Amino acid sequence: MYSFRHPGGEEVLIEQAGKDATENFEDVGHSNDAREMMTKYKIGELVESERTNVAQKSEPTWSTDTQNEESSMKTWLLPLVLCLVATLFYKYFFGSAKQQ
Ligand code: HEM
């Protein structure tokens, strides 16, 4: 019936079967595309009394993007610092070798 292959693997979805997967879904930080896809698979809504109190993310979607940018900034920073340190080492050792 559906031809969607979950990019995160089928196991993670099967593990959630019959349970409220909202928190896990949010924890993964799914893209807006993934959220849009999800609407296609919505088969209904839980009645009020059966809903659990999962904290709803109230920030607008752009703030999630900012968070992603922030974390990618951090992944950039480490290699950059390592490069800088390597350059300084190189200059220090080879720079002084030339002088001798
Ligand atoms: C109908 C519900 C869901 C849809 C349509 C969906 C869709 C997607 C899509 C499109 C991706 C690729 C990355 C992205 O675009 O964000 C993805 C990745 C992933 N999803 Fe889902 N997903 C659903 C539910 C879930 C749930 C309930 C879990 C956890 C229990 C989960 C865990 C993951 C994981 C672990 C990845 C891999 C993330 C990575 O490689 O960085 N997904 N999903």
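No experiment lies behind these values; they were computed from the predicted model shown. Start at 1 and go down the list; that is how both ligands and their atoms are numbered.
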Requested in this report: Can you sort out the partners of Ala21 under side-chain contact (heavy atoms from CB on, under 4.5 Å), two or more places apart, ordered by chain and number?
Outcome: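 So Ala21 forms a side-chain contact (heavy atoms from CB on, under 4.5 Å) with Gln16.
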Query raised in the report: Rounded to the nearest 0.5 Å, what separation is found between the OG1 atom of Thr87 and the NZ atom of Lys91?
Result: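 Spacing of OG1 (Thr87) from NZ (Lys91) equals 8.0 Å.
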Run the numbers for me: atoms of ligand 1, each under 4.0 Å from some heavy atom of [X], listed by number.
| X | result |
| --- | --- |
| Asn24 | 29 (C), 30 (C) |
| Met37 | 5 (C), 10 (C) |
| Gln16 | 30 (C) |
| Ala21 | 27 (C) |

Do you reckon [X] sits in the same ILVMFWY cluster as [Y], going by side-chain contacts under 4.5 Å, direct or chained?
| X | Y | result |
| --- | --- | --- |
| Val81 | Tyr92 | yes |
| Val85 | Phe93 | yes |
| Leu77 | Leu82 | no |
| Tyr90 | Leu88 | no |

Query raised in the report: With distance as the sole criterion, is a donor-acceptor pair present between the side chains of Asp33 and Ser31 under 3.5 Å?
Result: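 Side-chain D/A pair, Asp33 to Ser31: absent.
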Requested in this report: Only protein N/O/S atoms count here: give how many lie under 2.8 Å from atom 21 (Fe) of ligand 1.
Outcome: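 Those protein atoms number 2 in total.
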Requested in this report: Establish whether atom 41 (O) of ligand 1 and some protein heavy atom are separated by less than 4.0 angstrom.
Outcome: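 So far as the 4.0 Å threshold goes, atom 41 (O) of ligand 1 is out of reach of every protein heavy atom.
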Query - 4.0 Å protein heavy-atom contact status of atom 13 (C) of ligand 1, strictly under - result: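 Given the 4.0 Å cut-off, atom 13 (C) of ligand 1 does not count as touching protein heavy atoms.
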Requested in this report: For atom 2 (C) of ligand 1, grab the closest protein heavy atom and report residue, atom and distance to one decimal in Å.
Outcome: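 Looking at atom 2 (C) of ligand 1, the protein heavy atom closest to it is Met38 CG, 3.8 Å.
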Report task. Check whether any side-chain heavy atom of Ile14 lies under 4.5 Å from a side-chain heavy atom of Glu11, and answer yes or no. Result ->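 Sidechains of Glu11 and Ile14: no contact.
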Query raised in the report: Could an N or O of ligand 1 be found under 3.5 Å from any N or O of Ser31, whether backbone or side chain?
Result: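 Yes - when backbone and side-chain N and O of Ser31 are compared with those of ligand 1, one distance drops under 3.5 Å.
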**Report entry** Smallest separation among heavy atoms of Glu15 and Lys19, with atom names
**Finding:**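 Closest approach of Glu15 to Lys19, heavy atoms only: O-NZ, 3.1 Å.
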Requested in this report: For His30 and Phe25, indicate whether the former's side chain and the latter's backbone hold a donor-acceptor pair under 3.5 Å.
Outcome: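 Flag set: sc His30 to bb Phe25 pair under 3.5 Å.
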